[in-house]
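Computed from a predicted structure; not experimentally measured. In what follows, every heavy atom counts, from backbone to side chain, and hydrogens, waters and symmetry copies are set aside.
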Protein chains: 4
Amino acid sequence: MKQSNLKNTSQDTFSASSDIPISSVSMNKTPMNEIADISEKLSKKEMTRKKILDAALIVFSQKGYDKANVSDIVREVGVAQGTFYYHFKDKKTALVELLNSFFDAMKKLVANWAATTDTSADMALVFSRNVADLLRKNTCLGQIIRNETNNPDPEIRLLIKEFHNYLYRQAEFALLLGMRLGVVREMDARIAGVALVGMIESVVFELIDRVEDVDVEHVIKEISEMQNRGIRPTPDPRS
Amino acid sequence: MKQSNLKNTSQDTFSASSDIPISSVSMNKTPMNEIADISEKLSKKEMTRKKILDAALIVFSQKGYDKANVSDIVREVGVAQGTFYYHFKDKKTALVELLNSFFDAMKKLVANWAATTDTSADMALVFSRNVADLLRKNTCLGQIIRNETNNPDPEIRLLIKEFHNYLYRQAEFALLLGMRLGVVREMDARIAGVALVGMIESVVFELIDRVEDVDVEHVIKEISEMQNRGIRPTPDPRS
Amino acid sequence: MKQSNLKNTSQDTFSASSDIPISSVSMNKTPMNEIADISEKLSKKEMTRKKILDAALIVFSQKGYDKANVSDIVREVGVAQGTFYYHFKDKKTALVELLNSFFDAMKKLVANWAATTDTSADMALVFSRNVADLLRKNTCLGQIIRNETNNPDPEIRLLIKEFHNYLYRQAEFALLLGMRLGVVREMDARIAGVALVGMIESVVFELIDRVEDVDVEHVIKEISEMQNRGIRPTPDPRS
Amino acid sequence: MKQSNLKNTSQDTFSASSDIPISSVSMNKTPMNEIADISEKLSKKEMTRKKILDAALIVFSQKGYDKANVSDIVREVGVAQGTFYYHFKDKKTALVELLNSFFDAMKKLVANWAATTDTSADMALVFSRNVADLLRKNTCLGQIIRNETNNPDPEIRLLIKEFHNYLYRQAEFALLLGMRLGVVREMDARIAGVALVGMIESVVFELIDRVEDVDVEHVIKEISEMQNRGIRPTPDPRS
DNA sequence: GATGAATGAGGGTTCATTCAT
DNA sequence: GATGAATGAACCCTCATTCAT
């Protein structure tokens, strides 16, 4: 079997499954075990399929979907070119499956967030940390979503737009809730939602993902502070 | 001449020259006239070259650089395939030229900003409006820069990274200055710089560029407010 | 399957394998059988590859390497354009492989020559016949080597120069040996080596390869005589 | 005007005209003056034409006719692409003109050779020196003739074959004459003619043209010796 | 007489996809 | 279930040639 040339520089566990956060970020249990358990039950066929998906995830995120070759993917896995097409109708299908399973996992996260988020908590901090963790734990998918945002293929585009809209609506909803509770000032929640998410995304991809020696906790705190207070020298509004 | 299939959905003037803001955003004169005047003086060769560049700008922004075909570009212009290669060494050269002329224009903008920005003004508002205007006037280049951020080609990648770093450094510098002047609270200016720029970029591309009936001024004001005050219900810090 | 346009005018067996003389010229057995036997064992893939190489050999020798199109080659074989690139990295690789296998075969010949050449024999006759046979059995490769001697590609050039230098050194070495044994007069062996090889090459390509009704044995004897005695009317030096 | 990249390493005077030996090699007068005189009379148009031909000669000899670009040639001269086609119907016409003027010049040489060659002289030496000088003084055309011997274009091929046949017939004729005079032993003059010319050509191109510090006179003497005596240790037949 | 912008046919090469095994 | 040889459409790019100026 040929050796892979791809460098694994992210903290991903390099498994399509694990790249998808089935568990909530607030869960402290090790979800890996569950996945591992499930993995054990995978048939040989399912294993191959999963390996291909894992490899596709990495290759797509590194070379971009269009430039990524099926040959790159199968070389990574060590299977034949045709095997890819036994498991997936075409290249696009694999990408769509990756994206969809990511979104499915997200929906599970939402339930947890909604249920566990304490309204008295520092919502900005919680939200930022959740989104940041989400992106950090799914570096590859994050990259793909970022890079393919304007992919010429309409289906892919739509799917990714869905993800962004989802985040925006989450933020908007949280802000509206905060306003009703009196912990958020009056504002255009739609615009603010986009702004907050964009802020977090940029920081995750520019600082947390790219810079090696970065204090993640420090970065997240700074963002939360920015979200809460803005840049002006006022007393901490929480005080 | 063959008919173009590309849809011109953006508000760009669809001219490589006009896409590049040679004049400062603070200038209220209509620079278009000047550019038009210059255009009159273009030789036939230069006209062809410009037309190709204009078409390349659109095609690159719509299909992505790698998926964009030279044949798409020349079909748009109505010239032969070879004509592209008479004017540009290769596809990449055209992209690099577009990016570089954009960056050159930016540098001119900077000088104006530095010279004209009143420290007593609402810096966040001025900065946001400047960046937003810059991006809005160069929708296509903005799209390209956004889409090719992780292009596999190292040269392209570097060029675009340069652009982002430039914006980040601008924001960081403005924040540091504000801190020294006492109009900005103490913070990690590097992180905040990335956050502020990311916020603006997201809003421009998600709201201003994509949504038709958007009150640009309203959006920019909201962002400035967010930057100044954050989301918390404090009294306006400027008061 | 499309019809070939290439005319097979040479006496080549038109097989990349048979073009390469695996057996020594002094062997009287028919090596073709052995090669045929081996051919039987070739997998379908190897057969395709061999067919492409055979066709490339002919096309390269007829049109010249640079003018030869991959499409010519695959049309000859009856496979798709892509099939060529499945088997060979590029056009050059196929050429280099042809040249290298020829040179490898040569090295085997050398061992035989060195081992079997009787110093008491008419060395000039043996050498001439060996080189002439080598070239005659590999007409196409001979043509290629002749035509691409000054190919702009440095790698190709070097490879072919190697072949010529090899022949020159062989001749030089033989002459030096003859001088030590007293059967060759004192001379500048380096110059003489080039002269002898050039003489043989010219005759092979001008007379043996091109003229149909030529008595090969007669030609070779005439050359040997020339090499031994020159043109002057002296008594046969061997007498 | 762009600078040329071509290295002028040969001893050519780098003039299409001077590359063609209008004067016999045995003439000791400086024919350059005559040519120069003629040059003076060239109209500007004729000068341009000549310059293009000169450049074509060099480019063809260095890159090979097929790989040579018209753009290379005109860049060398410093004229526009179209200028080439004003003076020559196409690329091939320029090559054919170069070859033809070379052959015309040859015919003039022949008359001189035939008239001046002393039958009592060392004919081999005279013939070798004449051919060698001819090739050395026309390095570029020599290269072209050597490289394009098997050019796929039939017209070019034929023209070059003509040159070789001419040389062969010259040698054959000289040998037949020598035989009649009793200064050459009985032999197959046709084969010997090819052999003698091939010997000289190889040595010129392998040793004299390529190796820098080569004693041309020594090389020519060695060849003559080889032609006269062969390789065997006989007493000098001339004694 | 010369120009040089423009042409377009054609070449090498890539790669997603198919299908017989 | 997996293979991998084969495919062929499509792309980037080259360059001899044309023609309006």
Side-chain angles (χ1 to χ4, degrees), chain A residues 43-49 52 66-74 77-94, chain B residues 43-49 52 66-74 77-94, chain C residues 43-49 52 66-74 77-94, chain D residues 43-49 52 66-74 77-94:
Chain A
S43 66
K44 194 161 166 262
K45 172 177 179 181
E46 287 165 327
M47 278 296 293
T48 303
R49 187 187 156 86
I52 291 172
D66 287 314
K67 276 280 199 176
N69 304 340
V70 173
S71 69
D72 291 334
I73 297 169
V74 296
V77 182
V79 296
Q81 193 100 344
T83 307
F84 182 93
Y85 287 89
Y86 176 71
H87 291 284
F88 303 95
K89 190 179 137 287
D90 51 22
K91 201 172 84 162
K92 185 170 151 186
T93 301
Chain B
S43 67
K44 194 162 167 259
K45 174 181 180 180
E46 287 165 328
M47 278 296 295
T48 304
R49 188 189 155 88
I52 292 172
D66 287 314
K67 277 279 201 178
N69 304 339
V70 173
S71 69
D72 292 333
I73 296 169
V74 295
V77 182
V79 295
Q81 189 99 348
T83 306
F84 181 92
Y85 290 92
Y86 178 72
H87 291 282
F88 303 96
K89 195 180 131 288
D90 50 22
K91 201 173 81 163
K92 184 169 154 186
T93 301
Chain C
S43 66
K44 193 161 167 261
K45 174 181 180 180
E46 286 165 329
M47 279 297 295
T48 303
R49 187 188 154 88
I52 291 173
D66 287 314
K67 277 280 203 179
N69 303 340
V70 172
S71 67
D72 292 333
I73 296 170
V74 295
V77 181
V79 295
Q81 189 99 347
T83 306
F84 181 93
Y85 289 92
Y86 178 71
H87 290 283
F88 302 96
K89 194 179 134 288
D90 50 22
K91 201 173 83 162
K92 186 169 153 186
T93 301
Chain D
S43 66
K44 194 161 164 264
K45 173 176 177 180
E46 287 165 327
M47 278 295 295
T48 303
R49 188 189 155 87
I52 291 172
D66 287 314
K67 276 278 199 179
N69 304 340
V70 173
S71 70
D72 291 334
I73 296 169
V74 295
V77 181
V79 296
Q81 194 100 344
T83 307
F84 182 93
Y85 287 88
Y86 176 72
H87 291 283
F88 303 95
K89 192 179 136 285
D90 52 21
K91 201 172 85 164
K92 185 170 152 187
T93 301

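- Taking side-chain N and O atoms only, C:Y85 has a distance below 4.0 Å to OP1 or OP2 of E:dT13.
- Interatomic distance, OH of D:Y85 versus NZ of D:K89, reported as 10.0 Å (0.5 Å rounding).
- A:Q81 contributes atom CD, which lies 8.5 Å from atom CG of A:N69 (distance to the nearest 0.5 angstrom).
- For the residue pair D:V74 and D:F84, the shortest heavy atom distance occurs at CG1-CB, 3.8 Å.
- Panel note: side chain A:K91, backbone A:A68; a donor-acceptor pair is recorded below 3.5 Å.
- Rounded to an integer number of Å, the gap from C:K67 NZ to E:dG12 C1' is 15 Å.
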Please produce a list of atom pairs where a protein N or O lies less than 3.5 Å from an N or O of nucleotides 6-10 of chain F.
residue : atom : partner : partner atom : Å
F:dA6   : OP1  : C:T48   : OG1          : 2.6
F:dA6   : OP2  : C:H87   : NE2          : 2.5
F:dT7   : OP2  : C:A80   : N            : 2.9
F:dT7   : OP2  : C:T83   : OG1          : 2.3
F:dG8   : N7   : C:G82   : N            : 3.3

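- Using the Watson-Crick or G-U wobble rule with both distances under 3.5 Å, F:dC15 pairs with E:dG8.
- Atom P of nucleotide F:dC11 and atom CD1 of B:I73 are separated by 12 Å, given to the nearest angstrom.
- In this structure, A:D66 places its CG atom 18 Å from P of E:dT14, rounding to the nearest Å.
- Nucleotide F:dT14 holds its C1' atom 12 Å from the CG atom of D:D72, rounded to whole Å.
- Using a 4.0 Å heavy-atom distance criterion, D:A94 is classed as making no nucleic acid contact.
- Under the Watson-Crick or G-U wobble criterion, with both distances below 3.5 Å, E:dT13 is paired with F:dA10.
- When the nucleotides F:dT14, F:dT17, E:dT17 are ranked by their closest atom to the side chain of A:K91, E:dT17 comes out on top.
- Here F:dT21 sits opposite E:dA2 as a Watson-Crick or G-U wobble pair (both hydrogen-bonding atom distances under 3.5 Å).
- Between the CE atom of A:M47 and the C1' atom of F:dA2 there is a distance of 16 Å, given to the nearest Å.
- C:I73 and C:I52 get closest at one heavy-atom pair: CG2-O, 3.7 Å.
- The minimum heavy-atom distance between A:H87 and A:R49, with the atom names listed, is O-NH1, 3.0 Å.
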